[in-house]
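Written below as structure tokens is the structure these notes are about.
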Amino acid sequence: MSDTLVDASVRVRFAPSPTGFLHIGGLRTALYNYLFARRHGGRFIVRIEDTDRERYVEGAEDDILASLRWAGITYDEGPDVGGPVGPYRQSERRDLYRQYIQPLLEAGHAYYAFDTPEELDAMREEARQRGEAGKYDATTRLRMKNALTLPEAEVQRRLDAGEPYVVRLRVPAGEVISFHDHVRGTVSIDAGEVDDQVLIKSDGMPTYHFANVVDDHLMGITHVIRGEEWLPSTPKHVLLYRFLGWEVPQMAHLPLILSPTGGKLSKRKAEAAGIPVFVKDYRAQGYDPEALVNFLAFLGWNPGDERELFTLDELARVFSLDRVGNAGVQFNMDKLAWYNQQYLRQRPVEDLVEAVWPHVRAQGYEVDRDYVRAVVGLMRERVTFPQEIVTEAPYFFEDPAGYDEAGVKKRWKADSADLLAAYADRLEALETFDEATAEATLRALAEERGVGAGRLIHPVRLALSGVTYGPGLFELMHVLGRDACVRRIRRAVEVLGSAATA
RNA sequence: GCCGCGUUCGUCUAGGGGUCUAGGACGCCGGCCUUUCACGCCGGUAACACGGGUUCGAAUCCCGUACGCGGUACCA
């Protein structure tokens, strides 16, 4: 079935801006592009859009690339792996953009403009006073300082004198620009709503709008899959393709990821809602990349059946743009936690030991890998994150520092001290200490004293762990070992002996 | 303000005119299992934004309203 879908000419790209670390929403955009490429046997490209020198953040590019790799999203072409249509960093393609702006200038589809920021502000202010939009467009461009209003000689003089200028797109009036979007169907916008977008900034760098069109074309991008925030500016891109005489790639605008409180999941909102914003945060918090990817894939897409657990490869086999939803989606930490738990349980024990080990070392616990392996075996179904195997069950590594108050109240009875002291004695006298003998000894003692086994089990658990919940008592005892068990039971008898409630 | 895009349980969603007394998942609430907890299993709670059309018949098609989101930069 997938054979009919193989189209090696499919080329998609993820084009992040190095203005910050990789955002969780960016990872989803990258993921969808990746899945689409894999599904069709095409190529997935990463291109760094670093045309904004003001907002450039040192280290952001490395973080973006490292985060993608961590998530298992590999790319066929990119800044650090190269490729046939590089460079893959826009700052290194500067001359290319200048080359493609020429024909636009010559054909009158673009023009030089010399307005200062102050003049632009004044124009917008004035227009707004009159209740107009305040756009640099067909209605206002003739009132501004540009090649359309200045004498040709004057324009040339300014250019020659090295005065700062920008190049703007001359958007035609009286036209409706339509394009097909794979997620939304036909989208139409009146050209009158589109402004004369700056194509080349005064620092010589292209804007996103221009660079993105030139690069997508030069890099042979067949499908542009990006966030919905780009939908309103797509008409500008469509116009550019037309003026440049190029074919418009297929478009697909993905629904935005929303904060639980509404609105785009900005850094501020996400933090307020307890949602990590950057991919590296998920990594640091112990999320399984496969779980994150699985969760993210389902944020705006679903396979159409009721299955929810898919590995990256499985997703790549069934992903389709047709099944991408079109309404904004809220990020849900509970669901993510559930996914993480599912994946954690599926991981091989050895894998988990590896993941837990650093946390054991960080706590300074002196145990070996076999011991950690045993703990993992008992705890893996009770936690969401690997490190919780250490943090949620410290009693595997050190004697309890205290006893849960409510637990003592509920489980420590008048006869507990007596029973436990006797149990400790018998454990010490045991020839072999293991799960079976610990249990048999306890049950025999309970029977002799004419009490239910629970009368021993609960206070013993409390003595060993300090809490009232956890793995099966006898498994716990076996892992802890006889010495620790006897020591902890005696200690509890000493500390809680008289704390008994009737 | 203007333009665009959207609107099924709290959340992610199935659904593409009759099979919907609307299905699944997360969460939540019960129960079983376990003399603990978790896992697992069983059950429950809960939604087609509103108003008009079209049609024999609308969650599904059309229009309007409301609401939400996005855009409106020499940022991406």
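Throughout, a chain's letter reflects where its sequence line sits, starting with A, and its residues are numbered from 1.
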**Message:** For nucleotides 14-24 of chain B, give me one character per nucleotide, 5' to 3': B if any protein heavy atom sits under 4.0 Å from the base, S if the only such contacts are to the sugar-phosphate, - if neither.
**Reply:** SS-------SS
**Message:** For a quick check under 3.5 Å, do A/Y136 and A/D115 share a side-chain donor-acceptor pair by atom type?
**Reply:** yes
**Request:** In whole angstrom, give me the gap between the C1' atoms of B/rC9 and B/rG27.
**Result:** 12 Å
**Request:** Give every residue pair that meets the side-chain hydrogen bond (donor to acceptor under 3.5 Å, both in side chains) criterion with at least one member in residues 374-389 of chain A, sequence neighbours excluded.
**Result:** none
Measure all distances between protein nitrogen or oxygen atoms and nitrogen or oxygen atoms of nucleotides 64-69 of chain B, and list the pairs falling under 3.5 Å.
none

**Message:** From the set B/rA76, B/rC2, B/rC12, return the single nucleotide nearest to any side-chain atom of A/V329.
**Reply:** B/rC12
**Request:** Salt-bridge test for A/E132 and A/R128: reply yes if a basic N is under 4.0 Å from a carboxylate O, no otherwise.
**Result:** no
**Item:** Separation of the C1' atoms in B/rG51 and B/rG15, to the nearest angstrom
**Value:** 24 Å
**Item:** P-based separation of B/rA22 from B/rG44 [nearest Å]
**Value:** 13 Å
**Message:** Tell me the interatomic distance from A/D190, atom CG, to B/rC3, atom C1', rounded to whole angstroms.
**Reply:** 9 Å
**Asked** Can you tell me if the side-chain N/O atoms of A/K201 get under 4.0 Å from OP1 or OP2 in B/rC75?
**Response** yes
**Prompt:** Rounding to a whole Å, what distance do you find between A/H237:NE2 and B/rG4:C1'?
**Reply:** 14 Å
**Request:** To the nearest Å, give me how far apart CH2 (A/W230) and P (B/rC3) are.
**Result:** 23 Å
**Prompt:** P atom, B/rG71 versus B/rG10: distance in rounded Å?
**Reply:** 28 Å
**Item:** Cationic tip of A/R47 above A/Y88 ring, under 6.0 Å, 45° of axis
**Value:** no
**Item:** For atom NZ of A/K135 and atom C1' of B/rC3, their distance in whole Å
**Value:** 8 Å
**Message:** Pairing donors with acceptors under 3.5 angstrom, does anything connect the side chains of A/Q346 and A/Q342?
**Reply:** no
**Prompt:** Any side-chain N or O of A/T51 under 4.0 Å from OP1/OP2 of B/rA76?
**Reply:** yes
**Request:** Quote, to the nearest angstrom, the C1' distance that separates B/rC61 from B/rU21.
**Result:** 24 Å
**Request:** Answer yes or no: does atom CZ of A/R449 have more than 12 heavy-atom neighbours from other residues, nucleotides or ligands under 6.0 Å?
**Result:** yes
**Prompt:** Roughly, in whole Å, what's the span from CD1 in A/I257 to P in B/rG6?
**Reply:** 18 Å
**Request:** Tell me, please, whether A/Y32 has A/R28 positioned over its six-membered ring: NZ or CZ under 6.0 Å from the ring centre and within 45 degrees of its axis?
**Result:** yes
**Item:** Centroid-centroid distance, A/Y339 to A/Y287, less than 6.0 Å
**Value:** no
**Item:** A/E229, nearest nucleotide to its side chain (from B/rU36, B/rC5, B/rA76)
**Value:** B/rA76
**A/Y100 six-ring face occupied by A/R98 cation (under 6.0 Å, within 45°)** = no
**Request:** For A/D115 and B/rA73, give me the distance from atom CG to atom P, rounded to whole Å.
**Result:** 14 Å
**Asked** Closer than 4.0 Å, any side-chain N/O of A/R124 to the OP1 or OP2 of B/rG1?
**Response** no
Show which side-chain atoms of residues 465-476 of chain A pair as donor or acceptor with protein atoms under 3.5 Å away, not counting sequence neighbours.
unit_1, atom_1, unit_2, atom_2, d
A/S465, OG, A/R461, O, 2.9
A/S465, OG, A/V467, N, 3.1
A/S465, OG, A/V467, O, 3.0

**Message:** Both distances below 3.5 Å, Watson-Crick or wobble geometry, any strand: find the nucleotide opposite B/rC50.
**Reply:** B/rG64
**Message:** Nearest to the A/P232 side chain among B/rC5, B/rG71, B/rA76, which nucleotide is it?
**Reply:** B/rG71
**Message:** Among B/rA76, B/rU72, B/rU11, which nucleotide has an atom closest to any side-chain atom of A/N332?
**Reply:** B/rU11
**Request:** Nearest whole angstrom, please: distance from the P of B/rU36 to the CG of A/L456.
**Result:** 15 Å
**Distance in angstrom units between A/Q330 CD and B/rU7 P, rounded** = 14 Å
**Message:** Does B/rU36 have OP1 or OP2 under 4.0 Å away from a side-chain N or O of A/R411?
**Reply:** no
**Message:** Under a 3.5 Å cut-off for both contacts, is B/rA59 paired Watson-Crick or G-U wobble with anything, and if yes, with which nucleotide?
**Reply:** none
**Item:** Pairwise C1' distance for B/rC33 and B/rG40, with rounding to whole Å
**Value:** 8 Å
Grab the N/O contacts between the protein and nucleotides 37-40 of chain B below 3.5 Å, and write none if there aren't any.
unit_1, atom_1, unit_2, atom_2, d
B/rC37, O2, A/R382, NH1, 2.6
B/rC37, O2, A/G470, O, 3.2
B/rC37, N3, A/R382, NH1, 2.4
B/rC37, N3, A/G470, O, 3.4
B/rA38, O2', A/E381, O, 2.5
B/rC39, O3', A/R345, NH1, 2.9
B/rC39, O2', A/E381, OE1, 3.1
B/rG40, OP1, A/R345, NH1, 3.3

**Item:** Pair A/R170 + A/D196, salt bridge at N-O below 4.0 Å
**Value:** no
**Message:** Partner lookup for B/rU11, please. Criteria are Watson-Crick or G-U wobble with both distances under 3.5 angstrom; report none if nothing qualifies.
**Reply:** B/rA25
**Request:** Could you tell me if the ring centre of A/W230 sits under 6.0 Å from that of A/Y208?
**Result:** yes
**Asked** Are A/F295 and A/F331 close enough that their ring centres sit under 6.0 Å apart?
**Response** yes
**For B/rA73, the Watson-Crick or wobble counterpart (both distances under 3.5 Å)** = none
Identify all side-chain donor-acceptor contacts of residues 253-264 of chain A below 3.5 Å with residues at least two apart in sequence or on another chain.
unit_1, atom_1, unit_2, atom_2, d
A/H253, ND1, A/D181, OD2, 2.6
A/H253, NE2, A/R226, NH1, 3.2
A/H253, NE2, A/T234, OG1, 3.2
A/S259, OG, A/T261, N, 3.0
A/S259, OG, A/T261, OG1, 2.7

